[in-house]
Amino acid sequence: CMSTPWLGSIGFTIAFSALFAKTWRINRLFRKFSRITISEADVMQPFAILITANISVLACWTILSPLHYERRNHAGTDGWNRVISTYGTCTSYNS
């Protein structure tokens with residue numbers, strides 16, 4: 001269950017930081033019309049900051065209150081008192 005927030009959040013951070021870095025680079029080039037050089041380290045800095053913040057928040061969440069899979073029964077039984085259907089959700093002990 002914890003893979004969903006990790007993969008979704010890390011994927012969004014990678015996509016967002018790539019778009020942000022490209023926009024920042026273009027903004028910096030057009031703001032100064034002289035010839036300037038932008039190194040890869042300048043572009044990777046926002047990515048490193050965002051991914052570090054993201055990993056630290058996700059690591060704290062995983063350690064303090066991880067999600068676990070829980071299966072529950074729907075209401076109702078059949079003629080032999082058997083459960084008709086079940087469903088599963090990801091829940092946390094602290095929620």
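No side-chain heavy atom of Thr23 sits less than 4.5 Å from a side-chain heavy atom of Arg28. Using a 4.5 Å heavy-atom cutoff, the side chains of Ser17 and Pro46 are not in contact. The shortest distance between side-chain heavy atoms of Ile84 and Asn73 does not fall below 4.5 Å.
A pairwise comparison of heavy atoms in Phe16 and Leu50 identifies CD2-CD1, 4.1 Å as the closest pair. Here the shortest heavy-atom pairing between Leu58 and Pro5 reads CD2-O, 4.2 Å. The two residues Met2 and Leu67 have their closest heavy-atom pair at SD-N, 3.2 Å. Nearest approach of Ser85 to Val83, heavy atoms of both residues: O-CG1, 3.3 Å.
Listed by first then second residue, pairs satisfying salt bridge (charged side-chain N to carboxylate O under 4.0 Å, His left out) with a partner in residues 1-21 number zero, not counting sequence neighbours. The stretch residues 66-86 participates, sequence neighbours left out, in these ring pair (Phe, Tyr, Trp, His ring centres under 6.0 Å) pairs: His68-Tyr93, His74-Tyr87. Sorted by first and then second residue, the salt bridge (charged side-chain N to carboxylate O under 4.0 Å, His left out) pairs with a member in residues 2-15 form an empty list; sequence neighbours excluded. Counting only residues at least two apart or on different chains, the disulfide bond (SG atoms under 2.5 Å apart) pairs with a member in residues 37-94 are Cys1-Cys90. Listed by first and then second residue, the salt bridge (charged side-chain N to carboxylate O under 4.0 Å, His left out) pairs that reach into residues 11-23 come to none, sequence neighbours excluded. Under the salt bridge (charged side-chain N to carboxylate O under 4.0 Å, His left out) criterion, the residue pairs touching residues 75-91 are Asp78-Arg82, with sequence neighbours excluded. Applying the disulfide bond (SG atoms under 2.5 Å apart) rule to pairs touching residues 3-37 yields nothing, sequence neighbours excluded.
Thr52 meets the side-chain hydrogen bond (donor to acceptor under 3.5 Å, both in side chains) test with no other residue; sequence neighbours excluded. For the side-chain hydrogen bond (donor to acceptor under 3.5 Å, both in side chains) test, residues two or more places apart in sequence or in another chain that qualify with Thr62 are Trp6. The salt bridge (Lys or Arg N to Asp or Glu O under 4.0 Å) search around Arg31 returns none, not counting sequence neighbours. Every side-chain hydrogen bond (donor to acceptor under 3.5 Å, both in side chains) that Asp42 has, sequence neighbours left out, goes to Ser39. Legend: residues meeting side-chain hydrogen bond (donor to acceptor under 3.5 Å, both in side chains) with Thr86, ordered by chain and number and at least two apart, are Arg71.
Of the possible polar contacts, one joining the Asn54 side chain to the Ser9 backbone as a donor-acceptor pair under 3.5 Å is found.
Ile14 is connected to Ile55 through a chain of hydrophobic side-chain contacts under 4.5 Å among Ile, Leu, Val, Met, Phe, Trp and Tyr, so both are in one cluster. Hydrophobic clustering (ILVMFWY, side-chain heavy atoms < 4.5 Å, transitive): Trp24 and Met44 are in distinct clusters. Hydrophobic clustering, with ILVMFWY side chains joined whenever heavy atoms are under 4.5 angstrom apart, keeps Ile51 apart from Phe12.
Counting non-hydrogen atoms of other residues, nucleotides and ligands closer than 6.0 Å to CD of Glu70 gives a total above 12.
Rounded to the nearest 0.5 Å, atoms CZ (Arg25) and CD (Glu40) are 7.5 Å apart.
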